[in-house]
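Below is one structure, written out as structure tokens, with a few remarks after it.
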Amino acid sequence: MTNERAPSKAELLADLRSSGDEALTRLCELPAARLDQGRYENGWNGRQILAHIASIEWTYPRMLEIPSRTPVASGDQSPDGETPTHAARGGIDAYNQRQVERRAAASVAELLAEFERNRAATIAAVEAVDESLLATPIQSAGGRTGPLALVFHQVAVGHFRGHLADILGSG
């Protein structure tokens, strides 16, 4: 864990809203051809990175459940039947690759709509969580550890903004 301060619930909500709004605005302005360019270290192009951020967004509300459950609840599966943890078949990287591959035929508009739906669910989950829970130590599927609010922010905002920068070419 770093010396980074865990955000309050209000700060977390504000950052989720602003990063989501920024992504939707900036990505809608990009020419579709720009998204087909390679930009990421594993060879993903912008469209594949967008598929990744659209698909993983559904996992963030489940992070808020980590302190009160076993690592993988039996019914905790994505819409396509996967679990969002490092225990998923083949590890987190294989899980992410499968999610991107499942969205290979999706249009940019469909990926943006999926992200927007999932971000709204993330915001609703944060709004509903008791702020005292945000201080509970957790470990994310990607191995980040610390207070829930900090880990959640690092993944749902920081990791997300890193991918947005990859797509926009400023990272």
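One-based numbering along the sequence shown. What you are looking at is a predicted structure, and each value in this text was computed from that prediction instead of being measured.
Between Phe160 and Tyr60, a ring centre-to-centre spacing not shorter than 6.0 Å is recorded.
Judged purely by atom type and a 3.5 angstrom limit, Arg34 uses its side chain to pair as donor or acceptor with the backbone of Leu168. No donor-acceptor pair closer than 3.5 Å links the side chain of Glu57 to the backbone N or O of Phe115.
Between Val151 and Thr145, the shortest heavy-atom distance links the atoms CG2-C, 3.5 Å. Nearest heavy-atom pair across His52 and His159 is NE2-NE2, 3.6 Å. Here the shortest heavy-atom pairing between Glu114 and Ser55 reads OE2-CA, 3.8 Å. For the residue pair Arg5 and Leu150, the shortest heavy atom distance occurs at O-CD1, 3.8 Å. Of all non-hydrogen atoms in Met63 and Ser140, the two that sit nearest each other are CE-CB, 4.2 Å. When every heavy atom of Pro61 is checked against every heavy atom of Ala125, the shortest pair comes out as CB-CB, 3.6 Å.
Here the CG-CH2 distance, from Asn118 to Trp58, works out to 9.5 Å after rounding to the nearest 0.5 Å. A distance of 4.5 Å separates CG in Asp36 from CZ in Arg47, rounded to the nearest 0.5 Å. In this structure, Glu116 CD and Leu24 CG are separated by 5.0 Å, a value rounded to the nearest 0.5 Å. The distance from the CG atom of Leu13 to the OG1 atom of Thr122 is 10.5 Å, given to the nearest 0.5 Å. Here CD of Gln48 is found 12.5 Å from CG of Asn96. Values are rounded to the nearest 0.5 Å. Distance check: Asp21 CG to Arg119 CZ gives 9.0 Å after rounding to the nearest 0.5 Å.
Residues Phe152 and Val129 are not in side-chain contact: their nearest non-hydrogen atoms beyond the backbone lie 4.5 Å or more apart. Using a 4.5 Å heavy-atom cutoff, the side chains of Leu64 and Leu134 are in contact. In this structure the side chain of Val157 reaches within 4.5 angstrom of the side chain of Leu16, judged on heavy atoms. Put simply, the side chain of Leu27 does not reach to within 4.5 Å of the side chain of Leu111, judged on heavy atoms. Leu148 places a side-chain heavy atom less than 4.5 Å from the side chain of Leu133.
Taking the salt bridge (charged side-chain N to carboxylate O under 4.0 Å, His left out) definition, one finds that Arg144 meets it with nothing, sequence neighbours left out. For Glu101, the side chain to side chain donor-acceptor pair (under 3.5 Å) partners two or more places apart in sequence, or in a different chain, are Gln97.
For the residue pair Ser18/Arg161, the side-chain donor-acceptor check at 3.5 Å is satisfied.
Electrostatic pairing of Arg17 and Glu127 counts as a salt bridge here, judged by a charged N lying under 4.0 Å from a carboxylate O.
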